[in-house]
Amino acid sequence: MAEQCIAIDAMGGEGGPSVTVHAALDALEANPSLSVILVGNAAQIDSELNSAGNQLEGLAQRFTVEASESVFLDTQKPAAILRSGRSSSLFRALELHQQGSVSAVVSAGNTGALLLASRHLLKSIPGIELPAIVASLPVGGRSTLLLDVGANLQCTPQQLEQFAIMGNELARSSCAQPPRVALLNVGAEEHKGTDYIQLAAALLESNPHIAFAGFVEANQAFMGLADVIVCDGFAGNVMIKASAGAANAVIRELEAVAADGNPSMQNQFAKVAQAMSPQKFNGASILGLRGNVIKSHGNANRVGFAEAVAKAHAEQLDGIPDRIFKALAASR
């Protein structure tokens with residue numbers, strides 16, 4: 001395994017190389033031990049590198065370009081990645097991980113295709129039925145992990161327990177205490193929720209390796225009541241997109257008010273807006289794979305995509321897949 005080298009799907013996302021290449025350079029500046037392979041259209045990538053100017057000084061030995069023949073579009077059906085998408089930048093980046101040339105992959109491309117290709121090439125950790133996408137919610141200067149946020153629209157109680165185990169291991173990297181794990185529910189009372197939520201709660205309560213904190217409602221997710229919140233992909237996807245929309249709406253209101261305020265007020269509002277920006281929390285881990293894959297939001301800007309690269313760097317250093325495997329074994 002090429003330690004601390006990340007393959008970047010340079011063609012994914014709305015901005016493509018105009019975002020991904022410059023974000024990768026920012027990530028290299030911030031992490032001196034990191035190296036990257038930029039995968040995609042070589043001419044477009046080289047054009048963006050040439051426009052970077054002085055930023056390339058000192059970084060030239062820490063990145064390479066891997067040419068790919070095509071781009072897998074968001075408009076394409078995910079299943080096509082295994083038939084006609086093998087020459088795409090998305091698939092090639094994952095192949096580099098499979099072959100041991102890199103220790104992680106970051107892509108802002110087609111989510112469904114990334115999931116399918118990841119499972120096909122990297123395989124799932126033994127004991128994990130379904131991989132889960134985990135996102136970060138900003139809570140008082142830190143983050144709460146939410147999973148699943150879109151990989152699996154329906155889940156069994158056993159799969160939700162597996163999500164909890166995976167989220168628990170990821171959260172341990174940043175928690176001083178054992179992470180508090182909760183289930184997203186329509187109410188915090190013990191009797192609330194569907195049968196499968198109740199069964200999942202029983203599994204978590206009986207798992208001695210999980211600090212189960214009970215149920216949390218969607219409006220409590222940002223109150224710091226849990227370090228990990230577990231749900232099916234339908235509820236999680238709706239919640240993460242609604243919260244990002246709400247954050248952006250508040251930021252727009254703050255910017256409008258600050259425009260008419262005094263400089264001191266403008267500075268304070270700017271700090272709040274920056275802290276709330278979804279771009280600062282960009283990068284959703286796909287947990288449950290025998291590798292490290294980070295899905296960036298398709299509309300991520302330079303700051304947001306660099307955050308996703310930094311997240312991939314941290315997770316491969318923490319050895320998250322191996323830790324999940326050991327945690328599953330301990331829970332059996």
Side-chain angles (χ1 to χ4, degrees), residues 6-17 19-20 37-41 66-99 102 104-125 128-135 146-156 159-160 162-163 166 231-242 244 282-300 304-305 308-309 311-312 315 321:
I6 296 174
I8 293 177
D9 170 16
M11 311 308 292
E14 296 174 10
V19 169
T20 59
I37 300 177
L38 299 164
V39 186
N41 183 293
E66 175 89 10
S68 66
E69 297 178 9
S70 64
V71 179
F72 196 86
L73 303 175
D74 282 343
T75 54
Q76 293 178 262
K77 292 184 178 180
I81 190 71
L82 301 181
R83 299 192 301 271
S84 58
R86 292 174 181 264
S87 64
S88 67
S89 56
L90 186 155
F91 196 90
R92 181 58 187 145
L94 289 166
E95 277 188 325
L96 290 172
H97 196 357
Q98 179 199 41
Q99 295 163 0
V102 300
V105 172
V106 181
S107 176
N110 186 308
T111 302
L114 184 64
L115 279 165
L116 282 174
S118 295
R119 293 187 70 182
H120 175 73
L121 291 170
L122 303 178
K123 311 303 181 185
S124 297
I125 296 170
I128 295 295
E129 297 177 30
L130 298 171
I133 302 177
V134 54
L146 176 70
L147 73 163
D148 176 32
V149 295
N152 314 285
L153 300 187
Q154 293 181 316
C155 304
T156 66
Q159 289 162 353
L160 291 178
Q162 292 166 20
F163 295 171
M166 294 193 294
C231 58
D232 62 54
F234 185 90
N237 190 269
V238 171
M239 180 172 172
I240 197 70
K241 288 179 178 176
N282 182 52
S285 310
I286 303 180
L287 296 183
L289 301 169
R290 300 183 189 183
N292 302 289
V293 179
I294 300 293
K295 172 64 175 74
S296 167
H297 199 289
N299 69 359
F305 197 84
V309 177
K311 184 170 291 186
E315 288 189 16

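Note: hydrogens, waters and symmetry copies are ignored here, and every other heavy atom, side chains too, is used. Nothing fancy with the numbering, it's 1 onward along the sequence.
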Student: Taking all heavy atoms of Phe163 and all of Cys155, pick out the closest pair and write down the distance.
Tutor: CE1-SG, 3.6 Å
Student: Can you name the side-chain contact (heavy atoms from CB on, under 4.5 Å) partners of Ala312, sequence neighbours left out?
Tutor: Ile6, Ala104, Val106, Ile294
Student: Using a 4.5 Å cut-off on heavy atoms from C-beta on, say whether the side chain of Phe305 contacts that of Ile8.
Tutor: yes
Student: Under the rule for side-chain hydrogen bond (donor to acceptor under 3.5 Å, both in side chains), what residues qualify as partners of Lys241, not counting sequence neighbours?
Tutor: Asn237
Student: How long is the gap from CG on Asn110 to OG1 on Thr75, to the nearest 0.5 Å?
Tutor: 8.5 Å
Student: Give, for atom OG of Ser118 and atom CD of Gln98, the distance between the pair rounded to the nearest 0.5 Å.
Tutor: 11.0 Å
Student: Where is the tightest heavy-atom contact between Ile133 and Ala284, given as atom of each residue plus distance?
Tutor: CG2-CB, 3.4 Å
Student: For the residue pair Met239 and Cys231, establish whether any side-chain heavy-atom pair is separated by less than 4.5 Å.
Tutor: no
Student: Look only at the side chain of Ser285 and the backbone of Leu287, and say whether a donor-acceptor pair between them is shorter than 3.5 Å.
Tutor: no
Student: When you measure from the side chain of His97 to the backbone N and O of Val102, does any donor-acceptor pair fall under 3.5 Å?
Tutor: yes
Student: Taking all atoms of both residues into account, what is the closest heavy-atom pair of Gly109 and Ser107, and its distance?
Tutor: N-OG, 3.0 Å
Student: Determine yes or no for a side-chain-to-main-chain donor-acceptor pair under 3.5 angstrom, with Asn282 supplying the side chain and Ala300 the backbone.
Tutor: no
Student: I'd like to know if the side chain of Lys311 reaches the main chain of Gly283, judged simply by a donor and an acceptor atom lying under 3.5 Å from each other, with no hydrogens or angles considered.
Tutor: yes
Student: Give a yes or no on whether Gln99 atom CD has more than 12 heavy-atom contacts from other residues, nucleotides or ligands under 6.0 Å away.
Tutor: yes
Student: Does the Asn41 side chain pair with the main chain of Ser68, one donor and one acceptor, at a distance under 3.5 Å?
Tutor: no
Student: Please report the shortest heavy-atom distance between Leu146 and Gly236, naming the atom on each side.
Tutor: CD2-O, 4.0 Å
Student: Do any N or O atoms from the side chain of Thr20 and from the backbone of Ala10 form a donor-acceptor pair under 3.5 angstrom?
Tutor: yes
Student: Would a distance-only check, ignoring hydrogens and angles, find a side-chain to backbone donor-acceptor pair under 3.5 Å from Asn152 to Gly233?
Tutor: no
Student: Report, one line per pair, each donor and acceptor closer than 3.5 Å where one atom sits in a side chain of residues 87-96; sequence neighbours left out.
Tutor:
residue : atom : partner : partner atom : Å
Ser87   : OG   : Ser70   : OG           : 3.0
Ser88   : OG   : Gly85   : O            : 2.6
Ser88   : OG   : Phe91   : N            : 3.3
Ser89   : OG   : Asp9    : OD1          : 2.6
Arg92   : NE   : Glu66   : OE2          : 3.0
Arg92   : NH1  : Glu95   : OE1          : 3.3
Arg92   : NH2  : Glu66   : OE2          : 3.1

Student: Is the shortest heavy-atom distance from the side chain of Leu116 to the side chain of Leu114 under 4.5 Å?
Tutor: no
Student: Taking only residues two or more places apart in sequence, or in another chain, which ones meet Asp232 in a side-chain hydrogen bond (donor to acceptor under 3.5 Å, both in side chains)?
Tutor: Tyr196
Student: Quick one: list whatever passes side-chain hydrogen bond (donor to acceptor under 3.5 Å, both in side chains) with Glu129, sequence neighbours left out.
Tutor: Gln159, Gln162
Student: Testing the basics here: between Arg290 and Leu122, what is the closest heavy-atom pair and its distance to 0.1 Å?
Tutor: CB-O, 3.3 Å
Student: Could you tell me whether the side chain of Leu115 reaches within less than 4.5 Å of the side chain of Ile286, counting heavy atoms only?
Tutor: yes
Student: Inspect the surroundings of NZ in Lys123 and state if more than 12 heavy atoms from other residues, nucleotides or ligands are less than 6.0 Å away.
Tutor: yes
Student: Could you report the tightest heavy-atom contact between Leu82 and Ala117, atom names first, then the distance?
Tutor: CD2-CA, 4.3 Å
Student: Considering residues at least two apart in sequence or located in another chain, which fulfil the side-chain contact (heavy atoms from CB on, under 4.5 Å) criterion with Arg119?
Tutor: Ser124, Leu130, Pro131, Leu289
